[in-house]
Student: 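Please read through the structure below; I'll follow up with questions.
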Amino acid sequence: MRTKIVTLLLSIFLIGNSIQAQVNGYAQVTAINNANTILTVSNVNQTYGTFTIGQRVIVYHTQGNVVSKLGNNSNFGQIGSVNNVGRFEITAIKDITYTSGVPTSIELTVALVHTPEISANSNVQLITYPEYIGYSTTSAITALPWNGSIGGVIAFKVKGNLLLNHNISADGAGFRGGLKSSDAGDACDNKTYFSVDSKFAEKGEGIYKINNNKYKYAMGKLSNGAGGGNPHNAGGGGGGNFSAGGNGGFGWQCVAGTGGAGGSSLSNEISADVSIAYFGGGGGGGHQNNSVGSNGANGGGLIIIEADSIIVNATKITISADGLKAANSTGNDGAGGGGAGGSIVLKTKGYNLNSVRGNSLTISANGGAGGNVPSSDSHGGGAGGGTGLLKYLDANAETVPGLTLAFNPGSPGSDDNRSIRVSATGGVNTPGIIGYGASASLPVELMEQKVKCTSTGAIITWATATEINNNYFQIEKSENMTDWKFVNVVKGAGNSNSALNYELVDDDTGENLTYYRLKQVDYDGKYEYFDVLSILCKMGNSSLEIIGLNANDNLLSVYLKTEGFSSVKASLYDMNGKIIAFKNIDNPIEGANLVQFETNVTNGIYIVVLEQDKNRVSKKVMIGKN
């Protein structure tokens with residue numbers, strides 16, 4: 001199902017070829033209303049990208065409460081269900097509320113299809129998604145590094161050619177590596193998987209956000225974040241993404257595993273949907289008791305690029321989201337693990353490298369290497385990070401001459417391995433490269449449809465941004481949101497990359513509140529439903545009358561008819577008789593007037609009351625979606 005509904009907003013395009021080092025603005029989403037339309041935001045960074053009305057944005061579910069096993073055993077940190085974590089959804093801004101010039105609340109044009117998780121173990125980001133008409137780089141493009149609240153993402157769209165003169169890099173911009181331990185511990189410990197005590201090395205970050213410090217340290221992995229080294233001098237594990245990270249080396253004279261466990265593979269979750277991609281997990285820190293250990297390394301970030309074509313205009317250009325290599329231990333202590341490769345999502349109709357001129361492009365999300373231990377004694381080397389991810393849509397990135405795909409695991413850190421304990425291991429060698437056909441599309445925003453009263457009934461309008469295999473639209477209506485009946489069919493365009501507008505008039509609206517829904521049907525019979533709209537279009541001759549109710553986006557618009565010119569009081573009550581909104585029309589015009597209750601209302605039944613002179617009319621309205 002590839003047809004997407006869009007609102008007719010003024011598109012925001014940046015025209016020209018001056019490209020900065022970063023292109024995105026970021027904000028953390030701390031709350032969302034029940035309708036999935038209004039986001040409360042904080043930690044706003046608009047240095048290189050500004051949140052404005054009409055601006056396309058990405059809602060990215062960076063972290064969530066995904067871990068199902070938190071017991072002190074080898075299953076610690078195991079993932080249960082990721083739900084929507086890792087999903088990105090493209091939408092646009094309808095309105096912004098500011099405090100001291102900084103956005104604090106952002107309203108989207110329509111409800112998000114996938115509800116973000118807001119919890120102590122989650123993080124949701126809002127990221128600007130700029131659009132350019134033609135795009136020629138003048139410097140390397142980088143991501144704001146992930147700081148635990150925002151960052152880690154490069155995302156933009158080009159209408160026309162993306163001309164690459166410079167590299168695009170989210171290397172090390174993903175989940176952060178864990179810190180080396182404090183100077184403590186000289187007895188092997190292979191039984192502690194989590195701890196609040198920094199005598200164990202810190203775990204790397206992953207898609208499960210740690211909000212309880214008792215899980216912060218020790219050798220158990222935590223989702224795709226690697227475990228830290230345990231006493232005595234064990235190495236940190238490697239972060240995971242498409243493939244799992246390696247395990248840290250055993251510590252000094254330890255006969256059982258005390259190294260950090262490698263971060264989990266997310267390949268099953270990644271393969272489920274084109275709009276799911278993850279940061280690389282951070283490597284675990286190394287254990288030290290002589291102040292010469294090393295920290296775990298950061299994973300790679302996320303790159304999302306749409307362009308009609310990608311033209312490489314220089315030699316050795318790279319688009320990369322590599323995990324970083326961990327620093328070496330500088331003596332007889334454990335070393336940190338490498339970060340996992342991040343994720344890259346590319347949609348383009350073609351690549352032009354001009355190989356005659358020697359131009360080349362490397363797309364990579366490699367795992368970082370574990371840190372080495374230079375001591376002649378046996379201490380734990382750091383593990384290698386797991387492989388990252390490439391999802392390419394439309395043009396096949398695997399068959400272009402001069403284009404190299406590099407999705408390799410990180411190598412383990414070296415140590416002398418003279419004792420009976422085991423050396424660190426590299427990340428698992430499973431390249432994460434997934435191709436989609438020409439019919440694939442990124443999750444373009446589902447924008448608002450509209451319905452309004454006419455002199456004889458109702459008119460439903462909508463527009464599409466893209467259509468693929470779209471046979472027709474079917475409009476259905478109901479008076480109870482349970483029993484739906486056919487209204488009419490509107491023929492679709494089949495395949496289109498241009499904005500198209502549609503409308504349907506229904507002259508049989510009756511005397512009751514009517515609900516409409518839009519069904520889109522492909523040539524193969526597959527279909528999907530969009531949001532439900534509601535309206536009351538009752539025409540009459542009384543001096544005061546409610547002729548229209550439009551419960552859309554959880555805001556209520558009331559259309560009223562009056563033949564007099566005295567003021568009208570409009571009130572909105574809940575079913576308990578509590579007034580929740582009030583408007584006064586001081587100078588109504590003859591004929592139709594509009595009153596909009598600007599307060600947000602949740603799903604339920606409400607009563608609209610109009611009063612003018614001695615006349616009083618009321619009407620129940622149900623607000624909700626199927």
Side-chain angles (χ1 to χ4, degrees), residues 69 73-79 177-178 180-181 188-194 200-204 206 217-266 280-287 293-297 299 323 325-326 329 333-341 367-373 378-387 408-415 417 419-430:
K69 304 291 184 181
N73 54 55
S74 60
N75 290 325
F76 177 85
Q78 181 175 312
I79 296 173
K180 59 189 176 184
S181 73
C188 297
D189 183 340
N190 68 328
K191 298 184 182 300
T192 302
Y193 292 87
F194 67 88
F200 301 92
E202 187 179 20
K203 303 177 190 300
Y217 303 97
M219 66 184 189
K221 66 179 180 296
L222 195 53
S223 65
N224 63 321
N230 275 13
H232 177 191
N233 299 152
N241 189 355
F242 191 82
S243 77
N247 298 320
F250 284 24
W252 167 253
Q253 294 186 340
C254 297
V255 298
T258 58
S264 297
S265 164
L266 302 172
H287 180 269
S294 67
N295 299 327
K325 177 189 183 301
S329 165
D333 278 333
N372 299 324
V373 178
S378 53
H379 302 81
T387 59
N408 304 305
S411 58
S414 63
D415 55 63
N417 196 23
S419 72
I420 57 176
R421 73 27 101 244
V422 177
S423 297
T425 60
V428 176
N429 189 12
T430 308

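In this chain, numbering begins with 1 at the start of the sequence shown. The figures here come from the full heavy-atom set of this structure, side chains too, leaving out hydrogens, waters and symmetry mates.
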Student: Between P412 and A424, what is the shortest heavy-atom contact and its length?
Tutor: CB-O, 3.4 Å

Student: Identify the two heavy atoms, one from G370 and one from A326, that lie closest to each other, and give their separation to 0.1 Å.
Tutor: C-CB, 4.2 Å

Student: What's the separation between atom OG1 in T192 and atom OH in Y217, rounded to the nearest 0.5 Å?
Tutor: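 Reported value, rounded in 0.5 Å steps: 15.0 Å.
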
Student: Output the distance between atom OG (S181) and atom CG (N233), rounded to the nearest 0.5 Å.
Tutor: 8.0 Å

Student: Once you round to the nearest 0.5 Å, how far does OG of S414 lie from CG of N372?
Tutor: 3.5 Å

Student: Would you say that M219 contacts Y193 through its side chain, given a criterion of any heavy-atom pair below 4.5 Å between the two side chains?
Tutor: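 Yes; the side chains approach each other to less than 4.5 Å.
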
Student: If you round to the nearest 0.5 Å, how far is CD of E202 from CG of N295?
Tutor: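 Rounded to the nearest 0.5 Å, the CG-CD separation comes out at 8.5 Å.
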
Student: Taking the side chain as everything from C-beta on, heavy atoms only, tell me whether F242 gets closer than 4.5 Å to S265.
Tutor: no

Student: Nearest 0.5 Å please: distance from the SG atom of C254 over to the NE2 atom of H379.
Tutor: 10.0 Å

Student: Where the side chain of N230 meets the backbone of N190, is there a donor-acceptor pair that is under 3.5 Å apart?
Tutor: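 No, because the side chain of N230 does not come within donor-acceptor range (under 3.5 Å) of the backbone of N190.
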
Student: How long is the gap from CG on N241 to OG1 on T387, to the nearest 0.5 Å?
Tutor: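 Nearest 0.5 Å value for the CG-OG1 distance: 7.0 Å.
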
Student: Which pair of heavy atoms, one from S329 and one from S294, lies closest together, and at what distance?
Tutor: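 Minimum heavy-atom contact is N-OG, 3.9 Å.
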
Student: Report the C-alpha separation of N247 and T425 in whole Å, then their side-chain angles, then the decisive distance to 0.1 Å, and conclude whether the side-chain hydrogen bond (donor to acceptor under 3.5 Å, both in side chains) test is met.
Tutor: CA-CA 5 Å; N247 298 320; T425 60; 4.6 Å; no

Student: Take the angle between the ring planes of H232 and H287 and call it parallel below 30°, perpendicular above 60°, tilted in between.
Tutor: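 H232 and H287: perpendicular rings.
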
Student: Within the distance-only criterion (no hydrogens, no angle test), does the side chain of T258 pair as donor or acceptor with the backbone N or O of G251 below 3.5 angstrom?
Tutor: yes

Student: Minimum heavy-atom separation for N224 to G280, with atom names?
Tutor: ND2-C, 4.1 Å

Student: Given side chains that start at C-beta, do those of F76 and L222 come closer than 4.5 Å, heavy atoms only?
Tutor: yes

Student: Do you know which two heavy atoms are closest between A383 and G238, and how far apart they sit?
Tutor: CB-N, 3.4 Å

Student: Over all heavy atoms of both residues, which pair between G286 and A201 is shortest? Give the atoms and the distance, please.
Tutor: O-CB, 3.5 Å

Student: Is there a donor-acceptor pair under 3.5 Å between the side chain of K203 and the backbone N or O of K221?
Tutor: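 Not confirmed, K203 side chain does not pair with K221 backbone.
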
